Amino acid sequence: MPKITYEKPIVELQGDEMTRILWDWIKEILLEPKVELNTEYYDLGLVHRDETDDRVTFEAGEAIKKWGVGVKCATITPNAQRMEEYKLKRLYPSPNGTIRAVLDGTVFRTPILVKGITPYIPTWTKPITIARHAYGDVYKATDVRVEAGSRAELLVTKADGSTEKYPVHDFTGAGVLQGMHNTDKSITAFARSCFNFALSSGRDLWFGTKDTISKTYDGRFKAIFADIYEKEFKAAFEKAGLNYEYTLIDDCVARVVRSSGGYIWACKNYDGDVMSDMLATAFGSLAMMSSVLVSPDGNYEYEAAHGTVTRHYYKYRAGEETSTNPVATIFAWSGALRKRGESENNAALTSFADDLERATISTIESGYMTGDLAGIFKADGITPKKLNSRDFLKAIASNL
């Protein structure tokens with residue numbers, strides 16, 4: 001049969017280590033036999049980012065703005081150890097943070113549910129979608145080391161040239177200092193994205209910050225959400241029988257643990273990063289989570305919401321067999337292909353994306369899976385069989 005084609009390219013962002021290997025295998029085994037891939041390729045591997053002084057990351061973000069749909073592999077955010085390992089020129093920022101700053105918007109992450117894998121919290125019978133703000137906070141922060149005897153002050157220079165100075169801390173001993181920011185524009189876009197997503201999916205929306213402690217910073221998030229809800233969304237929510245609730249983040253966490261799921265949980269940037277990993281693990285595995293960044297102007301970037309699986313990469317590089325879970329990366333590709341199909345009214349492409357996801361889930365439910373799932377899979381009459389990464393992809397291809 002002829003391969004499925006589409007018109008506009010998808011922006012392809014390849015990453016690092018074991019997920020980079022899986023990326024090529026997914027294309028070879030699952031995608032290229034069925035689809036004539038049309039991509040604009042950017043190598044976001046750490047080596048190439050260093051070669052381009054990280055210019056490639058900004059170019060990739062701009063390409064997604066141009067073409068509307070991107071798909072991203074997991075990437076390394078280097079620390080001091082990575083800087084030495086890769087002989088980097090400098091410590092580059094998070095590629096995800098850079099791209100999210102270009103696109104703005106909100107990251108929506110939802111667990112991929114499979115029969116036979118029971119969440120560690122058994123009351124979670126319905127998926128919980130994390131809506132993570134994708135701009136600012138610690139991901140755009142300035143970090144400095146401070147010497148003993150230093151005085152830290154926050155200086156704000158206004159548009160008219162006047163200044164205001166705010167005391168931070170007098171350091172009697174050495175320490176560290178961090179300055180972070182956000183904008184009303186980005187918070188407003190975040191709020192509208194969350195309300196619209198809740199309406200489109202027919203689910204309640206919860207939002208939590210720590211405005212009792214961060215009275216101005218977190219308080220601004222709370223106020224903007226409340227204002228937009230009252231003015232723009234309250235009537236639509238009431239008509240749809242949906243609720244919007246604000247609580248402190250610690251109260252929200254407690255309620256989430258006691259809940260049955262089935263709602264959208266809006267979080268600030270760092271909270272969403274941490275809580276989405278907690279949710280993914282509690283639902284079964286970090287690799288069983290779909291993730292998409294939705295920008296205010298309608299651009300979409302699909303990604304694997306986990307790391308580069310360094311430990312498995314070192315084993316692979318040493319010639320050892322690995323059983324790395326590729327499901328999140330598969331769903332990143334299926335999400336991007338589906339969105340491109342929807343944008344072009346391409347039924348064949350959207351159907352392929354749906355079939356790819358069904359084939360992946362049914363392969364696991366029939367007892368064939370990677371090692372992270374084999375230890376927690378329980379289904380009557382089925383003994384889970386642990387496959388290496390490549391054989392698991394071949395099993396999915398057979399189902400597909």
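Since this is a predicted model, take the numbers as computed values, not measurements. Below, each value reflects all heavy atoms present in this structure, side chains not excepted, and no hydrogens, waters or symmetry copies. Position 1 is the first residue of the sequence, and the numbers go up from there.
- Looking at V56 and L44, their side chains come closer than 4.5 Å, going by heavy atoms from C-beta outward.
- Applying the ring-ring contact (aromatic ring centres under 6.0 Å, His included) rule to F221 yields the partners H133; only residues at least two apart in sequence or on another chain are considered.
- The two residues A336 and I10 have their closest heavy-atom pair at O-CD1, 3.8 Å.
- Residue L177 shares its hydrophobic cluster (ILVMFWY side chains chained together at separations under 4.5 Å) with V144, V146, L154, V156, Y166, V168, F171.
- Side-chain contact between D391 and K394 is present, with heavy atoms from C-beta onward closer than 4.5 Å.
- Under a 4.5 Å side-chain heavy-atom criterion applied to ILVMFWY residues, the cluster that includes I128 comprises L113, I121, W124, I130, W206, I249, V253, V256, V257, Y263, W265, M275, M278, L279, F283, M289 as well.
- Of the possible donor and acceptor atoms, none in the side chain of N325 sits under 3.5 Å from a partner among the backbone N and O of T370.
- Ion pairing of E301 with K339 is absent here, as no side-chain N (NZ or NE/NH1/NH2) approaches a carboxylate O to less than 4.0 Å.
- Separating the OG1 atom in T98 from the NZ atom in K140 is a distance of 6.5 Å, to the nearest 0.5 Å.
- No chain of hydrophobic side-chain contacts below 4.5 Å, direct or via other Ile, Leu, Val, Met, Phe, Trp or Tyr residues, connects Y41 to L37.
- Checked by atom type, the side-chain pair Q14/D43 shows no donor-acceptor distance below 3.5 Å.
- With hydrophobic clusters built from ILVMFWY side chains whose heavy atoms lie under 4.5 angstrom apart, Y135 does not share a cluster with L103.
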Please tabulate, for the side chains in residues 62-72, all donor-acceptor contacts under 3.5 angstrom to protein atoms that are two or more places apart in sequence or on a different chain.
residue: W67; atom: NE1; partner: E40; partner atom: OE1; Å: 2.8
residue: K72; atom: NZ; partner: T75; partner atom: OG1; Å: 2.9
residue: K72; atom: NZ; partner: N96; partner atom: OD1; Å: 2.8

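- Nearest approach of K89 to E51, heavy atoms of both residues: NZ-O, 3.8 Å.
- Here R90 does not pair with D53 in a salt bridge; the nearest charged N to carboxylate O distance is not below 4.0 Å.
- From L30, atom CG reaches atom CH2 of W25 across 12.5 Å, with rounding to the nearest 0.5 Å.
- Contact of the S295 side chain with the D104 side chain is not registered, since no non-hydrogen atoms from C-beta on lie closer than 4.5 Å.
- A distance of 9.0 Å separates CG of L293 from CD1 of I99, quoted to the nearest 0.5 Å.
- Contact record, S193 with T106: CB-OG1, 3.4 Å, taken as the closest heavy-atom pair.
- Applying the side-chain contact (heavy atoms from CB on, under 4.5 Å) rule to K165 yields the partners E153, L155; only residues at least two apart in sequence or on another chain are considered.
- Distance CG/L373 to OH/Y368: 15.5 Å, rounded to 0.5 Å.
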Dump the intermediate steps for side-chain hydrogen bond (donor to acceptor under 3.5 Å, both in side chains) on R255 and T247, then the final yes or no. CA-CA 10 Å; R255 291 184 61 196; T247 63; 4.7 Å; no
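- Residues D218 and I213 form no side-chain contact, since every pair of their non-hydrogen atoms from C-beta on lies 4.5 Å or further apart.
- When each of F233, F190, F108 is paired with F197, the ring pair (Phe, Tyr, Trp, His ring centres under 6.0 Å) condition holds for F108 and for no other.
- Y139 carries R132 over the face of its six-membered ring, with the cationic atom under 6.0 Å from the centre and within 45° of the normal.
- The ring-ring contact (aromatic ring centres under 6.0 Å, His included) check on Y300 picks up nothing, with sequence neighbours excluded.
- Hydrophobic clustering, defined by side-chain heavy atoms of Ile, Leu, Val, Met, Phe, Trp and Tyr closer than 4.5 Å, groups L88 together with L46, V47, I76, M83, Y86, L91, Y92.
- Remark: D204 pairs with no residue by the salt bridge (Lys or Arg N to Asp or Glu O under 4.0 Å) rule, at least two apart or across chains.
- Inter-residue side-chain proximity for V327 and I364 is flagged as met; some heavy-atom pair is nearer than 4.5 Å.
- Here the CG-CG distance, from L31 to L400, works out to 9.0 Å after rounding to the nearest 0.5 Å.
- Rounding to the nearest 0.5 angstrom, the gap separating the CD1 atom in I330 from the CD1 atom in I26 is 5.0 Å.
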side-chain contact (heavy atoms from CB on, under 4.5 Å) for F225 and C194? Distances and angles first, verdict last.
CA-CA 9 Å; F225 264 73; C194 292; 4.2 Å; yes
- request: Mind running side-chain contact (heavy atoms from CB on, under 4.5 Å) on Y6 and L337 for me, showing each step along the way?
  value: CA-CA 9 Å; Y6 54 95; L337 291 169; 4.3 Å; yes
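- By the side-chain contact (heavy atoms from CB on, under 4.5 Å) test, D227 is found to be paired with K231, residues two or more places apart in sequence or in another chain being considered.
- Residues L205 and L242 form no side-chain contact, since every pair of their non-hydrogen atoms from C-beta on lies 4.5 Å or further apart.
- The shortest non-hydrogen separation linking P93 to T77 is C-CG2, 4.2 Å.
- Here Y217 pairs with nothing under the ring-ring contact (aromatic ring centres under 6.0 Å, His included) rule; sequence neighbours left out.
- Legend: residues meeting ring-ring contact (aromatic ring centres under 6.0 Å, His included) with F392, ordered by chain and number and at least two apart, are absent.
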Notebook entry, point to check: Run the side-chain contact (heavy atoms from CB on, under 4.5 Å) check on S214 and T209 step by step: do they pass?
Noted result: CA-CA 9 Å; S214 181; T209 70; over 6 Å; no
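- Taking the ring centroids of F331 and Y302, they lie at or beyond the 6.0 Å cut-off.
- Judged purely by distance below 3.5 Å, without hydrogens or angles, the side chains of E36 and T5 never pair a donor atom with an acceptor atom.
- Between P326 and L393, some side-chain heavy-atom pair lies under the 4.5 Å cut-off.
- R82 and T310 share a donor-acceptor pair across their side chains, judged by distance under 3.5 Å alone.
- When every heavy atom of A304 is checked against every heavy atom of T329, the shortest pair comes out as CB-OG1, 3.6 Å.
- Close placement of the Y229 and Y244 rings is indicated, their centers lying within 6.0 Å of each other.
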Mind running side-chain contact (heavy atoms from CB on, under 4.5 Å) on W333 and K27 for me, showing each step along the way? CA-CA 9 Å; W333 271 105; K27 289 171 62 178; 4.0 Å; yes
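- A side chain to side chain donor-acceptor pair (under 3.5 Å) check over residues 232-243, counting only residues at least two apart or in different chains, returns the pairs R192-E232.
- When side chains are defined from C-beta on, V107 counts as touching R100, because their heavy atoms get closer than 4.5 Å.
- Between F237 and F195, the gap from one ring centroid to the other is short of 6.0 Å.
- Among all heavy-atom pairs drawn from A280 and L286, the shortest one is CB-CA, 3.8 Å.
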